[in-house]
Amino acid sequence: METVKSPEDIAKLEKNRIEGHPEMHKSQITFKGNNNVLYCEGNVKLNGAKFTFNGHNSIVYLSSSMNSKYSFNLIIYNDSTFFIGRGGNMSSPININIQENQNVILGSDVTISSRVNIRTADIYPIYDNKTKQRINFAGSVFIGDHVWIGHLAYISRGSKVGSGAIVGNNSFIAPDARIPSNSLAVGNPAKVERSDVFYTEDFLAHNRAEASLESKDYKSDVFIYEFVNQETLSMEKIDSILKSLDVDSRLEFVQKLFVRNKRTNRFTIQ
């Protein structure tokens, strides 16, 4: 087992690696397997973060931004990938658990509120009484660009949330659910309450009456997403490719498809 609690510990790693120079404050990275990679872009700061690599050959990719402080809890097992894009906002505590050779991909400008849970698998298998066949298979989770996940939401295995979507507080996104882009999904299980909506990140708490009136309309279409051939990606195909690659090839693929590809409608769900 290898443990990193400070930047000085990074140079001591032998069986795993950390690329980049993250600032660390009250954070810990634990490697219980081999050939894992934590990739940190330029100004990444780990503040109260706890990352545990419980297996082999997994990648965690943290993008940089103006607000690139990461303070969530992450457990990742074998042959898996976690990616988060630039410009996001995460409010601790947040728990992310990646099991059974699955992936979690979060786009750019994603807001994840406190006490959100994201899981790619249930802790135990469930079987049908008659057929004896398993019914709760694991699945990768995809969350698009400019998505707002509300307080205490639960994102289940295999679910996909399109760019521009809003998931309400205390909502349960059921296994294998697909939340369309620019929709508001609420409830347990979450259902689309309203389509053709978008949000902005204008903080309203300090507004006085006149300032609130100024937010009654918005002129731009910048947060409206649509399906575009040759631009919108197939999440299922991406998932399949990620699972077929070794660690270094996967890292290169992630940088090409998620970092250098800045197309607006890449994660649209109709």
Side-chain angles (χ1 to χ4, degrees), residues 72 82-85 87-99 102-122 135-205 215-218 220-228 231-236 238-239 258 263-270:
F72 59 94
F82 173 80
F83 173 87
I84 182 167
N89 182 27
M90 306 177 78
S91 300
S92 62
I94 295 167
N95 296 303
I96 301 172
N97 197 308
I98 306 175
Q99 303 178 16
Q102 303 301 315
N103 307 301
V104 172
I105 306 300
L106 309 180
S108 298
D109 193 31
V110 171
T111 295
I112 303 182
S113 305
S114 61
R115 300 193 182 281
V116 165
N117 281 277
I118 301 173
R119 294 185 66 98
T120 65
D122 300 327
I135 62 173
N136 66 333
F137 288 100
S140 295
V141 172
F142 283 77
I143 296 175
D145 298 320
H146 190 68
V147 171
W148 178 8
I149 308 295
H151 176 68
L152 279 168
Y154 190 104
I155 312 298
S156 298
R157 54 185 169 84
S159 57
K160 295 171 177 60
V161 182
S163 295
I166 305 162
V167 176
N169 294 345
N170 294 285
S171 294
F172 175 74
I173 304 298
D176 302 314
R178 293 178 69 89
I179 306 301
S181 294
N182 293 116
S183 66
L184 171 62
V186 297
N188 183 1
K191 297 181 179 180
V192 174
E193 181 177 87
R194 185 162 179 171
S195 301
D196 299 321
V197 296
F198 66 90
Y199 74 97
T200 71
E201 294 175 352
D202 300 304
F203 187 67
L204 302 178
S215 67
K216 67 180 181 180
D217 54 28
Y218 195 80
S220 174
D221 291 335
V222 67
F223 299 121
I224 297 175
Y225 299 88
E226 58 186 359
F227 182 89
V228 178
E231 180 175 342
T232 302
L233 302 171
S234 166
M235 297 178 183
E236 291 77 12
I238 292 169
D239 192 47
F258 301 146
R263 293 182 176 180
T264 300
N265 298 296
R266 56 183 184 167
F267 294 131
T268 300
I269 294 179
Q270 292 179 305

Report task. Any chance you could measure Ile149, atom CD1, to Ile94, atom CD1, to the nearest 0.5 Å? Result -> 10.0 Å
**Report entry** Closest contact, heavy atoms only, Ser171 versus Ala185
**Finding:** OG-O, 3.8 Å
Query raised in the report: Nearest 0.5 Å, what's the CZ-CG distance between Phe198 and Asn182?
Result: 8.5 Å
Query - Ser183 side, atom OG; Asp196 side, atom CG - distance, nearest 0.5 Å - result: 9.0 Å
Query raised in the report: For Glu231 and Thr264, what are the C-alpha separation, side-chain angles and deciding distance, and is it a side-chain contact (heavy atoms from CB on, under 4.5 Å)?
Result: CA-CA 8 Å; Glu231 180 175 342; Thr264 300; 4.1 Å; yes
Query raised in the report: Is there a side-chain contact between Ile112 and Phe72 (heavy atoms, below 4.5 Å)?
Result: no
Query raised in the report: Which heavy atom of Val116 sits nearest a heavy atom of Gly150, and at what distance?
Result: CG2-O, 3.3 Å
Query - With Asp176 via side-chain contact (heavy atoms from CB on, under 4.5 Å) - residues at least two apart - result: Arg157
Report summary line: With sequence neighbours left out, the residues meeting side-chain contact (heavy atoms from CB on, under 4.5 Å) with Ser181 are Ser163, Tyr225, Thr268, Ile269
Query raised in the report: Quick one: CG on Asn97 to CZ on Arg119, what's the gap to the nearest 0.5 Å?
Result: 4.0 Å
Query raised in the report: Can you find a side-chain donor-acceptor pair between Asn169 and His151 that sits under 3.5 Å?
Result: no
Query raised in the report: Is the backbone of Asn170 close enough, under 3.5 Å, to the side chain of Arg115 for a donor and an acceptor to pair up by distance?
Result: no
Query raised in the report: Where the side chain of Asn188 meets the backbone of Phe172, is there a donor-acceptor pair that is under 3.5 Å apart?
Result: no
Requested in this report: Would you check if the side chain of Ser140 reaches a backbone N or O of Asn103 as a donor-acceptor pair within less than 3.5 Å?
Outcome: yes
Report task. Run the numbers on Glu201 and Asp109 for side-chain contact (heavy atoms from CB on, under 4.5 Å), then give the verdict. Result -> CA-CA 10 Å; Glu201 294 175 352; Asp109 193 31; 2.7 Å; yes
Requested in this report: Evaluate whether atom CD of Glu193 has more than 12 neighbouring non-hydrogen atoms of other residues, nucleotides or ligands under 6.0 angstrom away.
Outcome: no
Requested in this report: Of all the heavy-atom pairs spanning Arg266 and Ser108, show the shortest one and how long it is.
Outcome: NH2-OG, 3.3 Å
Report task. Output the distance between atom CD1 (Ile96) and atom OG1 (Thr120), rounded to the nearest 0.5 Å. Result -> 11.0 Å
**Report entry** Nearest non-hydrogen partners of Ala174 and Ser159, listed with the distance
**Finding:** O-CB, 3.9 Å
Query raised in the report: Would you say Ser113 and Trp148 make side-chain contact, with heavy atoms under 4.5 Å?
Result: yes
**Report entry** Heavy-atom donor-acceptor pair, Asn265 side chain to Glu226 backbone, under 3.5 Å
**Finding:** yes
Query - Stepwise side-chain contact (heavy atoms from CB on, under 4.5 Å) check, Val167 with Ile143 - result: CA-CA 11 Å; Val167 176; Ile143 296 175; over 6 Å; no
Requested in this report: Please say which of Phe82, Phe83, Phe267 ends up in a side chain to side chain contact (heavy atoms under 4.5 Å, CB included) with Leu106.
Outcome: Phe82
Query - Gln270 side chain reached by Thr232 side chain, heavy atoms, under 4.5 Å - result: no
**Report entry** Any Val228 side-chain heavy atom under 4.5 Å of Arg263 side chain
**Finding:** no
**Report entry** Inter-residue atom distance Ile179.CD1 - Ile155.CD1, 0.5 Å rounding
**Finding:** 8.0 Å
